[in-house]
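Encoded as structure tokens, the structure appears first; notes follow it.
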There are 2 protein chains.
Amino acid sequence: MEQPVTIGRKEQIMEVAQKLFKEKGYSGTSMRDIAEDLGIKVSSIYNHVQSKEEILKNICISMADAFFSSIDEIKDLGVFPGEKLHLAIESHISVITSNLEAAPVFLHEWKYLTEPELSEFKALRGNYEKIFRDIIQDGIAKQSFQEVDDRFLTMMIFSSMNWIYDWYKADGKMSPRDIAETLSEFILNGINK
Amino acid sequence: MEQPVTIGRKEQIMEVAQKLFKEKGYSGTSMRDIAEDLGIKVSSIYNHVQSKEEILKNICISMADAFFSSIDEIKDLGVFPGEKLHLAIESHISVITSNLEAAPVFLHEWKYLTEPELSEFKALRGNYEKIFRDIIQDGIAKQSFQEVDDRFLTMMIFSSMNWIYDWYKADGKMSPRDIAETLSEFILNGINK
DNA sequence: CCTACCGATCGGTAGG
DNA sequence: CCTACCGATCGGTAGG
């Protein structure tokens, strides 16, 4: 009601930044690039964000939140480990394919965060990865899964999931669910007893 | 005999650049960073390389060469598709783990190349990926492999292989060969008839 | 290999 | 939201 023109400006800045950080990287994107894309002057950006790094932090943390809120619905479910891993994979891929611009920033640009955000971010990511690893370890303990190297398997699953943004096309023949099903089936087929 | 002090200087520049490009990205690394690491002034670098981008180009192209010369020994072998895929995976992982600093530059920083090198690079990478895809398609045609989506499988294999630099430790419990064997076994187990 | 320097651009601020 | 500006740093060159 008060400033209809600038409502959502911060969100616009975040969206443009996601696109440019993905395309040119955090270091390769200037605040002037972001301003130009929005049709405003660079100094105006600072009415909405405090610094370039704050933009990066917002993108990384909100992606982390998206991953957590998605996995939280799954991690305490009383289902078999195979089904839980299946759901976790589907959940992760859904967040990736729903955030095709923020995902690569989350995956590659977080390293430009400085302390203390850098450590916070790493801790969040570690906690998240541990959820997957716990599912795998639980599956092995319950003899649902074969005796696999859980670190190797966790890394392989994340690698497969995290590279999807690179080749996924919204208009391709595989939907996010198709991809999740195919990957999940492939993985479970490899480890189920 | 003439300038013993500067012999190998270009190679030193490339090595330092690989390390810094991996750590801070191409855009985030300045020519002054590279010079400082070598204990020389930035202007001296230009006696050995023409530009910052030439350094990037050299790293990307020499990695591409390494991948090709490694796969070339395999691609025309008269072995079963499963064995050929196994050898190709081993070959690729060996190049990655032998070039832990150049590999991430090859994988992530190539996008900062400008034309015409950018198109050259993409073409090289496409040709290389096609070798893997051909092996998979051949395996399906010869009914060694199950009817899988070869694009999906190729991407999944590359994803798994290309993220290895991120978690592989030379002093870890898995050697490059262990990793290659485990991954290859997992993949083949999933597609062999 | 160095000193000295170039114009361009960087993230960010003052002040309105 | 803007104009005007800051000091720092960028890739790169001239000249020795």
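Chain A is the first sequence line, chain B the second, and so forth, proteins listed ahead of strands; every chain is numbered from 1.
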Side chains of residues 97-106 of chain A: which donor-acceptor pairs under 3.5 Å do they make with residues two or more places apart or in other chains?
from: A:Thr97; atom 1: OG1; to: A:Ile93; atom 2: O; distance (Å): 2.9
from: A:Thr97; atom 1: OG1; to: A:Ser94; atom 2: O; distance (Å): 3.4
from: A:Ser98; atom 1: OG; to: A:Ser94; atom 2: O; distance (Å): 2.6
from: A:Asn99; atom 1: ND2; to: A:Val95; atom 2: O; distance (Å): 2.8

Backbone of B:Thr29 reached by a side-chain donor or acceptor of B:Lys52 within 3.5 Å:
yes
In a table with atom names and distances, give each donor-acceptor pair under 3.5 Å that connects a side chain of residues 35-45 of chain A to protein atoms at least two apart or in another chain.
from: A:Asp37; atom 1: OD2; to: A:Lys19; atom 2: NZ; distance (Å): 3.1

Quick one: A:Ile40 CD1 to D:dC1 P, roughly how many Å, whole number?
5 Å
Watson-Crick or G-U stems involving DNA chain C, each at least 3 pairs long, distances under 3.5 Å, ordered by first number:
C:1-16 with D:1-16
Less than 4.0 Å between a side-chain N and a carboxylate O, is that true for A:Lys193 and A:Glu147?
no
Aromatic rings B:Tyr128 and B:Phe67: how do their planes relate, parallel, tilted or perpendicular, breaks at 30° and 60°?
tilted
Side-chain donor-acceptor distances from residues 179-187 of chain A under 3.5 Å, at least two apart:
from: A:Glu181; atom 1: OE1; to: A:His86; atom 2: NE2; distance (Å): 3.3
from: A:Glu181; atom 1: OE2; to: A:His86; atom 2: NE2; distance (Å): 2.9
from: A:Thr182; atom 1: OG1; to: A:Asp178; atom 2: O; distance (Å): 2.7

Output every pair passing side-chain hydrogen bond (donor to acceptor under 3.5 Å, both in side chains) with a member in residues 59-71 of chain B, not counting sequence neighbours, ordered by first then second residue.
B:Ser70-B:Ser91
Sugar-phosphate means primed atoms, P, OP1 and OP2; the rest is base. With that split, encode nucleotides 9-16 of chain C 5' to 3' as B, S or - using protein heavy atoms under 4.0 Å.
-BBBB---
Send over the distance from A:Ile45 CD1 to D:dC2 C1', rounded to a whole Å.
14 Å
Rounded to the nearest 0.5 angstrom, the CZ-OG distance for A:Phe152 and B:Ser160 is 7.0 Å
